[in-house]
Amino acid sequence: MGSTGILKNPTMICAPLMGETVEQMVKEMKQAKAEGSHLLEIRLDHITNFHPHHHLPAILDNKPLPLIILYRPKWDGGLYEGDEHSRLQALRLAAELGADYIDFELKVASHLIRELKINYQSASKFIVSCHITGTTPSDEELANLAATMRATGADILKVVVNVTDITEIARIFHLLSHCQMPVIAYSVGERGLISQLLCPKFGGFLAYGSIEGHSIPGMPSLYSVKHTYKHDLMNSETKVFGLVSKPVSHSKGPILHNPTLRHENFNGVYVPLFVDNLKEFFSTYSGSDFPGFSVGIPYKEAVVEFCDEVHPLAESIGAVNTIIRRPCDGKLIGYNTDCEAAIISIEDALKGTLISGKLFVLVGAGGAGRALAFGAKSRGARILIFDIDFERAKSLASAVLGEARTFEQVINFQPEKGAILANATPLGMHPYTDQRIPVDQETLGDYELVFDAVYTPRKTRLLKEAEAAGAITVSGVEMFLRQAVSQFNLFTGQQAPEELMREIIASQF
């Protein structure tokens with residue numbers, strides 16, 4: 001998957017506005033401009049009791065930025081259910097009034113555009129849109145569709161898909177970078193998020209961002225587009241890093257890695273990657289444009305088989321959280337930066353007290369749990385593992401010379417004084433912040449230290465209750481920071497600015 005293609009103008013940022021009244025629409029237009037939008041998409045079909053001759057002039061007279069006028073019918077995913085002639089008359093009126101851009105569905109575009117250009121000599125630019133349901137067409141089929149759309153007289157093409165797998169977005173990127181005219185192309189939904197985030201890299205005409213207080217599923221906010229991902233700094237040479245996970249919306253990686261990359265003048269961007277099929281993902285995004293990945297839940301163990309080589313530590317753990325594409329041959333090399341990050345976080349909190357000989361009670365035997373177990377073993381701790389999958393717990397216990405017990409036994413387990421408790425499950429992660437591992441409240445004070453690998457929120461319910469019971473607590477944020485420092489070094493070949501990264505985390509978590 002590459003980014004070759006013709007040179008395009010910088011991608012603009014557009015805010016879709018769906019106010020139910022003209023007054024609300026005008027308010028949202030001003031808000032979108034203040035938040036950094038370059039142009040605005042006005043959804044007329046969202047306005048209650050819309051009257052074209054009354055409402056259109058009011059909207060156009062109050063515009064603070066160029067407008068795209070869109071009046072989407074129910075048959076093409078919009079809200080308008082009235083007479084088709086009346087709908088098209090409203091769009092004709094928008095052209096007469098000098099709207100900057102007007103969006104027509106492919107089904108009606110050819111006749112209307114020809115009429116408006118000849119009879120009205122309209123100065124408006126015409127967007128011809130096609131919403132595709134089902135599987136995203138092949139590169140060739142999309143090229144043929146683009147040719148059909150172009151033949152209508154369109155100035156700009158717009159293709160919207162609803163991918164069922166992130167690999168389908170590669171076809172959108174191919175269309176963006178190879179089409180010989182301006183194109184808007186993206187996918188809706190969480191799996192399609194990178195089609196918006198990486199749009200500037202592949203030369204799209206515009207990408208969307210929602211205004212504050214009006215979030216849209218699968219669409220980044222204007223704030224994140226302008227400040228987290230910095231669309232204006234992205235170009236065809238930008239390297240793409242990201243978190244391979246499922247789910248992925250919880251990730252704070254973009255908030256940390258993107259400003260760090262910019263600070264070090266590295267032309268890269270870090271994005272969330274909602275991946276369903278590891279094999280298909282690595283096969284599709286196999287070029288030098290994608291030189292490195294973080295790996296999260298639930299793939300830290302499964303991803304090992306897709307690495308061409310695995311670092312000895314990661315191999316012994318059986319879990320990988322960082323993958324680098326080796327520049328000389330393109331091979332994927334797997335690393336584990338969780339192990340040392342977690343143990344050093346615990347050791348620092350103990351202020352010089354060694355964990356050698358201490359009982360290390362680990363709940364969760366997945367990828368993060370394996371890193372913790374091997375780290376504890378390397379320090380000479382005695383390891384006891386609880387996991388909902390008892391066979392998995394036994395396998396890990398055997399590898400670290402520890403003991404395994406069923407997950408159900410954790411509630412009645414009585415630790416010895418001075419033991420360490422580590423949660424390596426997702427329990428307590430946002431949005432399920434009321435959950436925690438079922439350790440008996442009465443025993444929390446018997447632990448010298450309680451560690452939680454969850455880092456959203458910074459202080460989980462488990463940590464709050466452990467702190468109240470008198471235990472030292474360590475947030476997963478500490479582990480997150482330290483493993484991210486190591487990841488940055490691997491991603492870029494440069495030394496990470498650790499103090500800056502700590503400052504970013506302090507301000508964001």
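Since the model is a prediction, treat every value here as computed from it, not as a measurement.
Under the 4.5 Å side-chain criterion, counting only non-hydrogen atoms from C-beta, S221 is not in contact with T228. A heavy-atom distance below 4.5 Å is found between the side chains of I324 and Y335. A 4.5 Å side-chain heavy-atom check between I472 and K351 finds every atom pair outside the cut-off. Taking 4.5 Å as the limit, some side-chain heavy atom of I169 sits within range of a side-chain heavy atom of F173. Contact of the F202 side chain with the L175 side chain is not registered, since no non-hydrogen atoms from C-beta on lie closer than 4.5 Å. The shortest distance between side-chain heavy atoms of Y270 and L243 falls below 4.5 Å. Looking at E264 and T492, their side chains never come closer than 4.5 Å, going by heavy atoms from C-beta outward. You'll find the side chain of P426 stays beyond 4.5 Å of the side chain of Y432, heavy atoms only.
Counting non-hydrogen atoms of neighbouring residues, nucleotides and ligands closer than 6.0 angstrom, the CD atom of E20 reaches no more than 12 such neighbours. Atom NZ of K459 sits in a sparse spot, with 12 or fewer heavy atoms from other residues, nucleotides or ligands closer than 6.0 Å. Other residues, nucleotides and ligands contribute more than 12 heavy atoms inside 6.0 Å of the CD1 atom of I344. Atom NE2 of H430 sits in a sparse spot, with 12 or fewer heavy atoms from other residues, nucleotides or ligands closer than 6.0 Å. Other residues, nucleotides and ligands contribute only 12 or fewer heavy atoms inside 6.0 Å of the CD atom of E212.
A donor and an acceptor atom, one from each side chain of S345 and E478, are nowhere located under 3.5 Å apart. Side-chain contact check for E280 and T284: no donor-acceptor pair (N or O, by modelled atom type) lies under 3.5 Å. At a cut-off of 3.5 Å, with distance as the only test, no side-chain donor of S187 or E168 sits close to an acceptor on the other residue.
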Worked check of side chain to side chain contact (heavy atoms under 4.5 Å, CB included) between R482 and R502
CA-CA 9 Å; R482 295 170 192 272; R502 190 170 289 280; 4.2 Å; yes
Take T443 and L421, measure what side chain to side chain contact (heavy atoms under 4.5 Å, CB included) needs, and give me the verdict at the end.
CA-CA 11 Å; T443 67; L421 173 65; over 6 Å; no
Yes or no on side chain to side chain contact (heavy atoms under 4.5 Å, CB included) for L332 and F306, after CA distance, side-chain angles and deciding distance?
CA-CA 8 Å; L332 298 178; F306 299 100; 5.5 Å; no
Test log, rule side chain to side chain contact (heavy atoms under 4.5 Å, CB included), inputs I132 and L142:
CA-CA 10 Å; I132 299 170; L142 282 174; 4.2 Å; yes
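Shown here are the side chain to side chain contact (heavy atoms under 4.5 Å, CB included) partners of P291, two or more places apart in sequence or in another chain: K239, F241. With sequence neighbours left out, the side chain to side chain donor-acceptor pair (under 3.5 Å) criterion links R458 to no other residue. V188 pairs by the side chain to side chain contact (heavy atoms under 4.5 Å, CB included) definition with V160, N162, Y186, not counting sequence neighbours. Every residue two or more places apart in sequence or in another chain that forms a side chain to side chain contact (heavy atoms under 4.5 Å, CB included) with K230 is listed here: D232, L233, R262. Evaluation of the side chain to side chain donor-acceptor pair (under 3.5 Å) rule for N321 yields T337, D338, Q483 as partners, not counting sequence neighbours. In this structure, N258 has no side chain to side chain donor-acceptor pair (under 3.5 Å) partners at least two apart in sequence or on a different chain. For E391, the side chain to side chain donor-acceptor pair (under 3.5 Å) criterion is met by K394, not counting sequence neighbours.
Within the structure, ring pair (Phe, Tyr, Trp, His ring centres under 6.0 Å) contacts touching residues 386-408 (residues at least two apart or in different chains) are F386-F413. Among residues at least two apart or in separate chains, ring pair (Phe, Tyr, Trp, His ring centres under 6.0 Å) pairs with a member in residues 466-486 are Y455-F480, F480-F509. For residues 381-390, the pairs satisfying salt bridge (charged side-chain N to carboxylate O under 4.0 Å, His left out) are R382-E416, D387-R392, with sequence neighbours left out.
Contact between H263 and P497 at its shortest, heavy atoms only, is ND1-CG, 4.2 Å. The minimum heavy-atom distance linking A32 with L40 is given by the pair CB-CD2, 3.4 Å. A pairwise comparison of heavy atoms in V304 and G318 identifies CG2-O, 3.9 Å as the closest pair.
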Would you list the atom pairs, donor with acceptor, under 3.5 Å between side chains in residues 355-375 and any protein atom, with sequence neighbours excluded?
{"from": "K358", "atom 1": "NZ", "to": "E448", "atom 2": "OE1", "distance (Å)": "2.7"}
{"from": "R370", "atom 1": "NE", "to": "I317", "atom 2": "O", "distance (Å)": "2.3"}
{"from": "R370", "atom 1": "NH2", "to": "I317", "atom 2": "O", "distance (Å)": "2.9"}

Identify all side-chain donor-acceptor contacts of residues 250-257 below 3.5 Å with residues at least two apart in sequence or on another chain.
{"from": "S251", "atom 1": "OG", "to": "G253", "atom 2": "N", "distance (Å)": "3.0"}

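Atom CD1 of I437 and atom CG of L462 lie 5.0 Å apart (nearest 0.5 Å). One distance of note links CG of L17 with OG of S37; it measures 7.5 Å at 0.5 Å rounding. Rounding to the nearest 0.5 Å places CD of Q494 at 8.5 Å from CG of N265.
No side-chain donor-acceptor contact under 3.5 Å links T167 to the backbone of F281. When atom types are taken as modelled, the side chain of H38 and the backbone of I13 share a donor-acceptor pair closer than 3.5 angstrom. Side-chain atoms of Y299 come within 3.5 Å of backbone N or O of V275 as a donor-acceptor pair. A side-chain donor-acceptor contact under 3.5 Å links K201 to the backbone of T238. Between the side chain of R461 and the main chain of D434, a donor-acceptor pair closer than 3.5 Å is present. Put simply, the side chain of H178 gets close to the backbone of H174: a donor and an acceptor are under 3.5 Å apart. Panel note: side chain Q196, backbone A207; no donor-acceptor pair is recorded below 3.5 Å. Side-chain atoms of R405 never come within 3.5 Å of backbone atoms of V410 as a donor-acceptor pair (strictly under, hydrogens ignored). For the pair H231 (side chain) and L197 (backbone), a donor-acceptor distance under 3.5 Å is present. No donor-acceptor distance shorter than 3.5 angstrom exists from the side chain of R379 to the backbone of L354, with no hydrogens or angles considered.
Taking the six-membered ring where the residue is Trp, F293 and F290 present parallel rings, their angle staying beneath 30° rather than reaching 60°.
A salt bridge links D276 with K246; the closest basic N to acidic carboxylate O contact falls under 4.0 Å.
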